[in-house]
A.B. asks: 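Quick one: this structure, given as structure tokens, is what I'll be asking you about.
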Number of protein chains: 2
Amino acid sequence: MATTTARSPRKSAETDEASTRDRILDVALQSFAELGFDGASTRAIASLAGVNQGLIPYYFGTKDALWREAVDRAFARLGEAVGVSVQEAADGSSGERLAVLIRRYIRFVAEHPEFVMMMNEEGKRDGERMQWITDTHVRPIFEIMTRLFEGARDEGVLPTEIGVPHFHYLFVGATAALFHQAHECRRLFGVEPTDPRVVENHADAVVRLFLGDPELGRAPRDPQETA
Amino acid sequence: MATTTARSPRKSAETDEASTRDRILDVALQSFAELGFDGASTRAIASLAGVNQGLIPYYFGTKDALWREAVDRAFARLGEAVGVSVQEAADGSSGERLAVLIRRYIRFVAEHPEFVMMMNEEGKRDGERMQWITDTHVRPIFEIMTRLFEGARDEGVLPTEIGVPHFHYLFVGATAALFHQAHECRRLFGVEPTDPRVVENHADAVVRLFLGDPELGRAPRDPQETA
DNA sequence: GTCTATAATTAGATAGAC
DNA sequence: GTCTATCTAATTATAGAC
């Protein structure tokens, strides 16, 4: 159990040798998101990664440890793409910074629907995995978002009558549902949620809905542009 | 496979004899919603219903057929609680009728989070079950909702710039996330989503967000009151 | 590092007693 | 109508060859 046999991430002396482990992690996140922890079998994950099932215990020890590493990677990518902590320190009004965050987050979710699928998958159950995600990854982000919500409320761009928990779930729900339910959306509306125009329209809609001004946060397309 | 051995729903000549089947369906929906189709085992469902595993093939034939009947029941309950088709024919402006629908739907979801959990569970995959739900249950409701959205837009209470598919997912996402992620919400905020005050606050917040006027649709608490 | 083989467990579905 | 017992298949994890 304690013999996790952790590999050092820096292993590729030649070209790209250490990619098997990463490939497994990528398909694992996708599989866990789509099928849930129980529904995703390590055999199927290994097969999708083009390797044998025996490699998964070898690299990660247990299925649970594999899941944890896959989730860590997902949040690392979210951090890079959205830059919550960086954006908090940026200049501009809270409303403007919130709008930038909303737009970046929507683009991230559009590109990585598996992130929201995984979050919804675990957030609905009261198990160890939900508690671990909440304590390890969600709470730090939520604290920054709360300050931003309250700042925007003080500026008068967010209605004061709506409490922070309501804002939080109104926001994450309204933002992600289109991309989480992508297959349903295609069948029901014939709309492709990953279409860049659809993504930008959704970002505009969310900013308009919450902040009123649809021009807010329009400029920066990339996290690096404001850094 | 074709020998489904369907029971007639009306069987109870005495007091309440035909309740075993219904009990199985109730715990099945709950289990499928929480754990997904694969994660929920027929043994666990039977155990929760207080019966033997062998009874499930007896009543429903296959696990898939059990799932279908459980979903049918869920949508039947939604129809009773919200009364979409009834409400469409009611008098009042489209905005007013939409607000009534929003409030009823939120109360329904608060009481039956398993409904949204099941919808999210299936809507994220492109499988037979998603297609069946969409064609059988979602499309009829969506068509009524679309007319209501467009009516409210013509009245000027909904922004014209936001397209119907965006509205649809903004709405279902913003409405349901709080109750879908109930366990996360308890751990993160210490807020109990099923608390009636929290439910009404959320309904107020959604109506305010989409329709501006938080007083809209406040009066009727029960579907029967307007019938 | 990647594979094959396999052990131990659990899944859904069937057969048949009562 | 409900149960026990059992069949077949699939699951995670382990042992060990190369």
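Throughout, a chain's letter reflects where its sequence line sits, starting with A, and its residues are numbered from 1.
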A.B. asks: Among all residues two or more places apart in sequence or in another chain, which pass the side-chain contact (heavy atoms from CB on, under 4.5 Å) test with B/His183?
C.D. replies: A/Asp126, A/Met130, B/Arg186
A.B. asks: Residues two or more places apart in sequence or in another chain: which of them pass salt bridge (Lys or Arg N to Asp or Glu O under 4.0 Å) with A/Arg97?
C.D. replies: none
A.B. asks: Taking only residues two or more places apart in sequence, or in another chain, which ones meet B/Val191 in a side-chain contact (heavy atoms from CB on, under 4.5 Å)?
C.D. replies: A/Pro165, B/Cys185, B/Phe189, B/Val198
A.B. asks: Any side-chain N or O of B/Thr42 below 4.0 angstrom from OP1/OP2 of C/dA11?
C.D. replies: no
A.B. asks: For D/dC3, does either OP1 or OP2 sit under 4.0 Å from a side-chain N or O belonging to B/Tyr58?
C.D. replies: no
A.B. asks: Please enumerate all protein N or O atoms sitting under 3.5 Å from an N or O of nucleotides 5-10 of chain D, with distances to 0.1 Å.
C.D. replies:
unit_1, atom_1, unit_2, atom_2, d
D/dT6, O4, B/Arg43, NH2, 3.4

A.B. asks: A/Thr146: what forms a side-chain contact (heavy atoms from CB on, under 4.5 Å) with it, not counting sequence neighbours?
C.D. replies: A/Phe142, A/Glu150, A/Val164
A.B. asks: By the 4.0 Å heavy-atom rule, please label B/Ala49 as base, sugar-phosphate, or nothing.
C.D. replies: nothing
A.B. asks: Which part of the nucleic acid, if any, lies within contact of A/Ala44, taking any heavy atom under 4.0 Å across all strands shown: a base, the sugar-phosphate backbone alone, or nothing?
C.D. replies: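 Here A/Ala44 touches no strand at all.
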A.B. asks: Report yes if at least one side-chain N or O of A/Thr20 is closer than 4.0 Å to OP1 or OP2 of C/dG1; otherwise report no.
C.D. replies: no
A.B. asks: Using atom types as modelled and distance alone, determine if a side-chain donor or acceptor of A/Arg107 lies under 3.5 Å from a backbone N or O of A/Val199.
C.D. replies: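 Judged by distance alone, no pair lies under 3.5 Å.
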A.B. asks: With B/Asp64, which residues qualify under side-chain contact (heavy atoms from CB on, under 4.5 Å), at least two apart?
C.D. replies: B/Phe37, B/Thr62, B/Arg68, B/Arg129
